[in-house]
Each structure stands twice: as C-alpha cells, then as structure tokens.
Amino acid sequence: MDLLAASPSGGGLDVRRLDWSRVWSVGGAVGGAAPAALAWRADGRALAVATVDGSLKERDAEDGSVVAAWEGREGGEQIHTDKIVTHCI
C-alpha cells in the first residue's frame with residue numbers, strides 16, 4: 001500500500017497516495033467530532049480514527065467506508081492531543 005492519512009488542524013481527514021492523488025476524504029468533523037488520533041491496521045487495509053469525543057471508527061483504506069464503530073461512553077474521558085499522527089505504509 002502507498003497510502004498516507006492526515007487530519008489537518010481544521011478537522012476532517014484525507015487519505016492520499018504518495019503521488020498526492022486523493023483516495024478519499026471526510027470534510028470537517030469526522031462523525032461529529034474532530035479526529036484525535038489515526039492508526040493503520042497492521043495489514044494496511046483499514047484506518048482507525050479516534051475522535052475527541054472518545055469514539056472510534058475503523059474505515060476501509062480504499063473507499064473510507066465505516067467497517068466498525070465504537071461510541072464513546074457517556075461521561076467518559078475525552079481524548080486530548082496536540083499531535084497529528086500520520087503513517088505511511
């Protein structure tokens with residue numbers, strides 16, 4: 001796989017090829033909340049997106065469809081980070 005995932009400071013999510021062609025993107029907040037962390041599945045076929053409200057979505061690497069989702073717990077801790085995590089596989 002030759003994909004790069006990034007979440008700009010304004011929110012949203014872009015997945016691009018190394019030649020910078022866009023594979024898919026989600027504008028603004030992802031599912032209602034800004035992304036806090038990104039991680040590729042070991043086989044590179046999915047991207048985990050954790051958001052500041054504590055929810056987690058696993059998205060298909062090629063089309064961005066939601067493969068699995070876990071909602072944050074009511075009253076649970078929110079995720080706070082000032083770092084953008086990107087990985088290239």
Closest heavy-atom contact between Pro35 and Val49?
CB-CG1, 4.2 Å
Please determine if Arg17 and Asp19 form a salt bridge, counting it only when a charged side-chain N lies under 4.0 Å from a carboxylate O.
no
Sequence neighbours excluded and cut-off under 3.5 Å, please list the side-chain donor-acceptor pairs for residues 63-70, or say none.
unit_1: Asp63; atom_1: OD1; unit_2: Ser65; atom_2: N; d: 2.9
unit_1: Asp63; atom_1: OD1; unit_2: Ser65; atom_2: OG; d: 2.8

Residue list, side-chain contact (heavy atoms from CB on, under 4.5 Å) with Ala48, at least two apart or on another chain:
Leu56
Grab the two heavy atoms, one from Glu62 and one from Val23, that are nearest each other, plus how far apart they are.
O-CG1, 3.2 Å
Expected output: side-chain Ser7 to main-chain Gly12 donor-acceptor under 3.5 Å:
yes
Run the side-chain contact (heavy atoms from CB on, under 4.5 Å) test against Arg16 and tell me which residues pass, sequence neighbours left out.
Asp14, Trp20, Arg22
Is the shortest heavy-atom distance from the side chain of Leu47 to the side chain of Leu3 under 4.5 Å?
no
Search all heavy atoms of Ala46 against all heavy atoms of Trp40 and return the closest pair with its distance.
O-CE3, 3.4 Å
So, for Val15 and Ala61, which heavy atoms are closest and what is the spacing to 0.1 Å?
CG1-O, 4.1 Å
